[in-house]
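Structure first, commentary second.
All ligand and atom numbering here is 1-based and tracks the order in the structure.
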Amino acid sequence: MGGLEQQSVLIVDDDRVSRTMLAELLNPDTRVVLAKDGASALQRIHDDASICLVLLDVGMPGMSGYEVLQKLNSSPPAQDVRVIFISGATEERDEEKGLLLGAVDYVFKPIRPAIVKVRIQNHLRLIAQRKALERLAGHDALTGIANRRSFDEALVLGCQTAVRRQEPVSLAMIDIDFFKQYNDHYGHPAGDEALRRVAQVVASFARRPYDLAARYGGEEFALLLPVVPDMNDLLDRLCLDVVAQAIPHAGSKVAPVVSISVGAVQLRPGATHTPQGMLEHADALLYQAKQQGRNRAVWGPYPVSD
Ligand SMILES: [Mg+2]
């Protein structure tokens with residue numbers, strides 16, 4: 001995932017001239033993605049989390065713009081998406097219908113380029129402001145556990161505290177095995193539910209006051225655990241508890257159910273370090289866990305040698 005800051009606008013119109021005109025309006029300030037029908041638009045939105053605004057033609061063969069928004073409402077993508085209808089139908093009740101479905105705006109064709117451009121920019125600004133507020137709140141909207149920003153802050157503080165007290169601190173990076181295949185097989189709503197359930201398991205390992213469980217991005221979670229007596233035991237239980245959820249996963253090559261791979265580092269008491277270095281080393285060990293066959297944890301001291 002990543003790229004929280006990036007905003008993309010998806011333009012959906014069966015008419016190539018309209019698509020091109022709208023795209024030229026937004027380029028080069030905004031990243032633009034194009035689709036020429038409803039089905040490919042829905043696919044794009046689910047595949048590209050940077051899409052936050054959709055300019056949606058109402059009159060399209062096959063699936064109408066209204067139907068596209070109805071489908072988005074019934075099966076929401078991971079990210080927040082706002083819709084602006086672009087329509088040749090100038091009846092007041094068409095506009096009312098579009099707005100009642102949840103569109104943030106309704107624009108009539110033929111469009112007035114300068115006005116439409118300003119409207120789009122206003123909506124992009126509102127979306128960016130809402131995202132900034134969510135980050136400040138510190139929580140991941142989907143799973144309810146801490147978000148990456150909170151975790152990064154806690155990691156800096158946790159390391160400082162550990163160094164001052166000459167105590168160890170552990171960091172675990174956790175990744176759901178074959179999650180892309182899970183989404184492909186079961187669909188994104190089921191994928192979101194799996195993320196929530198794994199998040200609950202990860203959070204159950206952060207019980208003490210200075211422990212922290214976070215969704216680090218996409219299907220990746222992180223745990224910060226000061227002073228763990230037995231890392232082997234803890235990481236084994238973490239992997240087993242996820243498997244014990246028994247969430248069927250037909251697309252996994254390592255287990256019939258959802259499993260995780262973990263890379264963890266334990267900061268040696270008194271060692272010099274950077275939070276960034278710890279994260280990178282944990283990621284390298286996570287990679288090793290995947291290389292060794294997934295559904296397992298690999299951990300080690302950090303730095304590797306003093
Ligand atoms: Mg059309």
Side-chain angles (χ1 to χ4, degrees), residues 1 3-131 180 183-184 186-192:
M1 246 188 196
L4 270 176
E5 304 301 333
Q6 189 177 27
Q7 289 187 315
S8 303
V9 174
L10 173 65
I11 296 169
V12 192
D13 201 309
D14 58 311
D15 177 40
R16 192 170 55 83
V17 176
S18 296
R19 285 199 303 273
T20 310
M21 189 166 72
L22 286 165
E24 280 171 0
L25 212 55
L26 296 174
N27 280 326
D29 311 321
T30 311
R31 180 174 172 258
V32 171
V33 184
L34 300 175
K36 65 180 192 312
D37 58 53
S40 52
L42 290 168
Q43 190 64 47
R44 287 257 173 186
I45 291 165
H46 278 296
D47 289 346
D48 184 348
S50 75
I51 294 173
C52 61
L53 185 64
V54 184
L55 307 184
L56 186 53
D57 182 29
V58 172
M60 293 187 290
M63 200 187 297
S64 76
Y66 294 143
E67 289 172 277
V68 173
L69 180 51
Q70 276 164 343
K71 283 204 190 315
L72 275 179
N73 288 339
S74 66
S75 162
Q79 77 273 29
D80 267 336
V81 175
R82 294 290 182 258
V83 168
I84 298 177
F85 279 123
I86 314 274
S87 174
T90 53
E91 294 288 324
E92 201 173 297
R93 60 187 160 81
D94 294 311
E95 183 178 4
E96 185 188 2
K97 181 178 179 180
L99 295 175
L100 284 175
L101 277 172
V104 293
D105 212 341
Y106 200 100
V107 172
F108 295 114
K109 287 180 182 175
I111 64 161
R112 290 173 293 163
I115 301 291
V116 169
K117 184 172 183 174
V118 172
R119 282 190 176 187
I120 292 168
Q121 283 169 343
N122 282 342
H123 285 295
L124 286 174
R125 197 173 310 119
L126 286 171
I127 290 166
Q129 282 169 357
R130 199 185 55 247
K131 277 190 182 171
K180 187 188 178 304
N183 274 332
D184 289 347
Y186 297 98
H188 287 266
D192 287 349

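Comment: K109 does not engage D15 in a salt bridge, judged by the lack of any side-chain N to carboxylate O separation of less than 4.0 angstrom.
The side chain to side chain contact (heavy atoms under 4.5 Å, CB included) with I86 is formed by just one residue from the set L55, V12, L56; it is L55.
Using a 4.5 Å heavy-atom cutoff, the side chains of D37 and M63 are not in contact.
Put simply, D13 stays out of reach of the Mg ion (ligand 1), with no N, O or S atom under 2.8 Å from it. For the Mg ion (ligand 1), the set of nearby N, O or S atoms under 2.8 Å includes one belonging to D57. Inclusion of G59 in the first shell of the Mg ion (ligand 1) is supported: an N, O or S atom falls under 2.8 Å.
Sorting the N, O or S atoms of D14 by how far they are from the Mg ion (ligand 1) puts OD1 first.
In this structure, CZ on R44 lies 7.5 Å from CG on L10, to the nearest 0.5 angstrom.
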